[in-house]
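The next block holds one structure in the form of structure tokens; read it before the comments.
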Amino acid sequence: MEPSLEPAGFVVEVRPGDRIHFLDWGGRGEPGVLLIHGLSNTSWSWAPVARRLVARRRVVAMDLRGHGLSDAPTAPTGAYEASDLVADVIAAAEGSGLLGADATTAQVVLVGHGFGAIVAAWAAAELGERCARLVLVDGGWEDIATTSGLEVDEFLRGLDEPPEVLASLDAFLADRRGYDPASWDADQDRAARATVVETPAGRVVPATRPHALEASVRAMFEYRPADVRARVVAPIVGLAATSPTPGPGLPPIEIVRLDAVGHNLMRYRPDEVTAAILGS
């Protein structure tokens, strides 16, 4: 692991006025790895895994549109559909050099967490043989509407933080630290801070733009895993923090159940996530 490594930040323009930010962790080894975070998170959530991967692979972690330092388009329709999110992934892969824009033989490993796993699956289907491996970290094998039994608006309300957690930055960080104090470190502190903005009154508010979060959730509810994964030619592995419910009629994939305290397997089980990405 490289505990002192600091990644470089870059942006790539998907279309005029629409830029995607990514962290380039460096490293050597092919195929390179593109890491995609989940809802209301940022590229910094991947730090524990990236630090382990760089010894063997080139590693890049992107910010989804509307998250982190990426732009948050406000077009009333069409800005957060699957095709837009896939274009962002390909732009980050090509703009970072993980994939050569004209090199048909170049490949990339796509890794997504939660909603990012859905985006990674969409992108893997589009990339075809240019995707060497697809790793779904606690997401991407379920039809959210079916398994949750919720409407979009109900799901969105469930994402709201309790007022006491947002009362101050200290309260927010204490809440995040409390999930698993043993895994809390400088990377977790930075990752948590990247998800909120401190107001002049001392409270914190989510950094993810509300319109982007809603649009992302609506896109997530449109995901049909059987249709998408049937078009993915790369090997697929899933890592589950809870007992997976893949549902009927899905292409068979390897799903590994990890003993973890929650959804954030990059924090709680970084060694196992790294091994799954490397295929070891």
Side-chain angles (χ1 to χ4, degrees), residues 10-22 34-43 60-96 98-104 106-137 139-146 152 155-156 208-234 236 250-251:
F10 298 93
V11 294
V12 60
E13 190 172 64
V14 182
R15 56 182 66 89
D18 194 354
R19 298 162 299 176
I20 294 298
H21 172 263
F22 62 85
L34 181 59
L35 305 168
I36 308 170
H37 65 81
L39 280 174
S40 302
N41 225 309
T42 78
S43 50
V60 171
M62 65 178 287
D63 285 336
L64 290 167
R65 57 176 51 212
H67 295 70
L69 297 180
S70 290
D71 285 341
T74 56
T77 59
Y80 295 85
E81 294 180 1
S83 58
D84 302 294
L85 295 161
V86 167
D88 295 344
V89 171
I90 295 174
E94 292 180 348
S96 65
L98 289 177
L99 282 179
D102 300 318
T104 57
Q107 289 187 309
V108 64
V109 176
L110 295 179
V111 187
H113 175 234
F115 175 55
I118 290 175
V119 176
W122 278 326
E126 179 67 23
L127 285 171
E129 293 184 356
R130 297 180 78 194
C131 178
R133 186 173 179 83
L134 173 62
V135 182
L136 308 175
V137 182
W141 53 76
E142 297 177 327
D143 182 313
I144 299 298
T146 299
V152 172
F155 188 93
L156 283 164
T208 304
R209 293 64 155 181
H211 72 276
L213 179 61
E214 178 179 350
S216 297
V217 169
R218 293 189 183 281
M220 183 172 71
F221 269 68
E222 294 297 319
Y223 177 64
R224 299 295 177 264
D227 297 340
V228 175
R229 293 215 315 267
R231 297 189 289 115
V232 175
V233 298
I236 306 173
L250 301 187

Using the rule given for side chain to side chain contact (heavy atoms under 4.5 Å, CB included), can you reason through L85 versus F115, listing the C-alpha separation, both sets of side-chain angles and the distance that settles it, and then say yes or no? CA-CA 11 Å; L85 295 161; F115 175 55; 3.8 Å; yes
Intermediate values then yes/no, side chain to side chain contact (heavy atoms under 4.5 Å, CB included), S40 and L213: CA-CA 7 Å; S40 302; L213 179 61; 3.5 Å; yes
Using the side chain to side chain contact (heavy atoms under 4.5 Å, CB included) rule, take L69 and V11 through it: C-alpha gap first, then chi angles, then the decisive distance, then the call. CA-CA 9 Å; L69 297 180; V11 294; over 6 Å; no
So L34 and L99, side chain to side chain contact (heavy atoms under 4.5 Å, CB included) or not? Walk me through it. CA-CA 10 Å; L34 181 59; L99 282 179; over 6 Å; no
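Checking side-chain atoms of E81 against main-chain N and O of A219 turns up no donor-acceptor pair under 3.5 Å. Of the possible polar contacts, one joining the S70 side chain to the D63 backbone as a donor-acceptor pair under 3.5 Å is found.
Counting only heavy atoms from C-beta outward, the side chains of V60 and V108 never approach each other to under 4.5 Å. Residues S216 and L39 are in side-chain contact: their nearest non-hydrogen atoms beyond the backbone lie under 4.5 Å apart. Using a 4.5 Å cut-off on side-chain heavy atoms (C-beta onward), I144 and Y223 make no contact. In this structure, the side chains of D88 and L64 stay at 4.5 Å or more apart for every pair of heavy atoms. A heavy-atom distance below 4.5 Å is found between the side chains of V89 and M62.
In summary, of the residues considered (H21, R65, R19, R209), a side chain to side chain donor-acceptor pair (under 3.5 Å) with D71 occurs for R19 alone.
From N41, atom CG reaches atom CD1 of I36 across 13.5 Å, with rounding to the nearest 0.5 Å. To the nearest 0.5 angstrom, L98 atom CG is 12.5 Å from Q107 atom CD.
Ring-plane geometry between H211 and Y80 is classed as perpendicular, the angle between the planes exceeding 60 degrees on a 0 to 90 degree scale with a lower cut at 30.
With respect to the salt-bridge test (charged N to carboxylate O, under 4.0 angstrom), the residues R218 and E222 do not qualify.
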